[in-house]
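Single-structure report; data block below.
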There are 2 protein chains.
Amino acid sequence: MSEMAEKNSNTEQNILEAAKVVFVAKGMDGARMQEIADKAGINKALLHYYFRSKDKLFEAVFVEILSKLIPDISELLLSELPLFEKIRKFTQHYIDTIRENPLIPVFILHELNREPEGIARTFKSMGIQPQIFIDEIKREIGKGTIVPIDPLHLIVNLLSMCIFPIVAQPIMQHLIFEENGEAYSAFLEQRKKEVPEFIINSIRKK
Amino acid sequence: MSEMAEKNSNTEQNILEAAKVVFVAKGMDGARMQEIADKAGINKALLHYYFRSKDKLFEAVFVEILSKLIPDISELLLSELPLFEKIRKFTQHYIDTIRENPLIPVFILHELNREPEGIARTFKSMGIQPQIFIDEIKREIGKGTIVPIDPLHLIVNLLSMCIFPIVAQPIMQHLIFEENGEAYSAFLEQRKKEVPEFIINSIRKK
DNA sequence: TTTACTTTTGACCACTTGGTTAAACTATAT
DNA sequence: ATATAGTTTAACCAAGTGGTCAAAAGTAAA
């Protein structure tokens, strides 16, 4: 079809994909190179041919995950929507995003505990800039649109209410829905409207 | 001093304590029996003398963690305080509790992903009863004290804003405080007042 | 001191782990 | 065809893993 070099040999992408699934599900320590090889349909030695070691493979996976996740977050926060609309859009979009890969946040947090320095370094290499959003909130406070509130707490509240219910699904589902997965799914769907209204209701000046 | 049988041989408690630290920090897969033995100051074979296998030891640790955590949660929710006061007290108490063992929530969530059935069974054996608190919220809505809101979302919001900022400390600290641990600690301290006011501000009927 | 017992240990084992290596298999250019 | 380079494999290895066992060390009663 095209003479462009395939962006990566098919095998390499297969490996990365398989490694991602296994690493995210079982963590660095629980993951087995053999299982990754099996899932990629190749020999174990080929893993070491493409990625020299388990650590290198892990880091490649980790970088790929972060570089898909982070731009996604930044994008919306920096858009030109009015604040309330931005909060609504962010909640909806973010809840959906995490639901697609619900294991990733816990995976990241667990690995971050396991090896703080290495992972943190990878994190830093991607730029994240919450300052612009912070300034926007301050401006709205100045205009009197919203109640005075520390922007950081507002942002952390927003993130918490989006992320936590998804990562804690295995517990919550049991505690409040008796293992009914569909009910919990509907519950998360509701949250896309409930959370932004809850927030706006708290900060809107009346 | 006393003729009562020691509730557990000193060694057994030492082992449990050491195992708890190692398991929570590194997870079931990352934990090594040798490291636990070293930390308990004993021979590795003695681990198997008291707890027959790594799995058994892990479960003992897991049960101990849960049975300390869960009564702590239930207690306050069922007390006789007025709703707003209860929310304030819960936030303060709960944030402090988790800060004492910040690794435990991620540990639980990670293990829950690793082996859903086994862990969930352990979970179920401890009774948790959110219904009473749900009813109380409904009563307040009926009385017109607070805005109509799905009690489940309110509870999940409360839990999210308490737990998430602590478990995500390694990320948040970097994103907003440039690795300044004390600043983040102060930030969490602020949240003990900010979170309840944020919630009450959202649900109070004006 | 002897007896009977629990607790603790060092040495050991079978097995799995990540990783290596040399040889075989492509495919492309000459 | 054949040389050259990249790709893939089976067989293998050293290090570490959870777990075992028989013997030693402690302990308390007879």
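Quick note on labels: first sequence line is chain A, next is B, and so on, each numbered from 1. Everything quoted here is computed from the prediction, not taken from an experiment. Because only heavy atoms are used, hydrogens play no part in the values below, and waters and symmetry mates are left out as well, while side chains stay in.
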Check the distance between [N]'s [atom2] and [X]'s [atom1] and give it to me in whole angstrom.
X	N	atom1	atom2	result
A/Lys26	C/dT17	NZ	C1'	15 Å
A/Leu46	D/dT9	CG	P	6 Å
A/Tyr50	D/dG6	OH	P	12 Å
A/Tyr49	C/dC25	OH	C1'	12 Å
A/Ile42	D/dA10	CD1	C1'	14 Å
A/Asn14	D/dT7	CG	P	14 Å
B/Glu12	C/dT8	CD	P	11 Å

TODO: Compare side-chain N and O positions of A/Thr11 against OP1 and OP2 of D/dT7 and report whether any pair is under 4.0 Å apart.
DONE: no
Open item on the list: Looking at B/Phe58, I'd like to know if the NZ or CZ of B/Arg114 sits under 6.0 Å from its six-membered ring centre while staying within 45 degrees of the ring's axis.
Closed with: yes
Task: Neighbour count >12 (heavy atoms, 6.0 Å) for atom CD, A/Gln92 - done: yes
Roughly how far, to the nearest 0.5 Å, is [atom2] of [Y] from [atom1] of [X]?
X	Y	atom1	atom2	value
A/Arg52	A/Leu47	CZ	CG	14.5 Å
B/Glu194	A/Asn157	CD	CG	8.5 Å
A/Leu46	A/Phe51	CG	CZ	10.0 Å

Open item on the list: Taking B/Lys192 first and then B/Asp96, would you say they form a salt bridge - that is, a charged N and a carboxylate O separated by under 4.0 Å?
Closed with: yes
Task: Electrostatic pair B/Glu197:B/Arg88 at N-O distance under 4.0 angstrom - done: yes
Open item on the list: Just by distance, no angles: are the side chains of A/Arg99 and A/Ser185 close enough, under 3.5 Å, to form a donor-acceptor pair?
Closed with: yes
- [ ] Let me have a per-nucleotide readout for nucleotides 14-24 of chain D, 5' to 3', with B, S or -, counting only protein heavy atoms under 4.0 Å.
- [x] ---SBBBB---
Open item on the list: Considering every strand and a 4.0 Å limit on heavy-atom distances, what is the contact class for A/Phe51: base, sugar-phosphate, or nothing?
Closed with: nothing
Task: Degree of bending in the helix from C/dT1-D/dA30 to C/dT30-D/dA1 once both end axes are built from five pairs, to 10° - done: 10°
TODO: Would you confirm whether the ring centroid of B/Phe187 sits within less than 6.0 angstrom of the ring centroid of A/His153?
DONE: yes
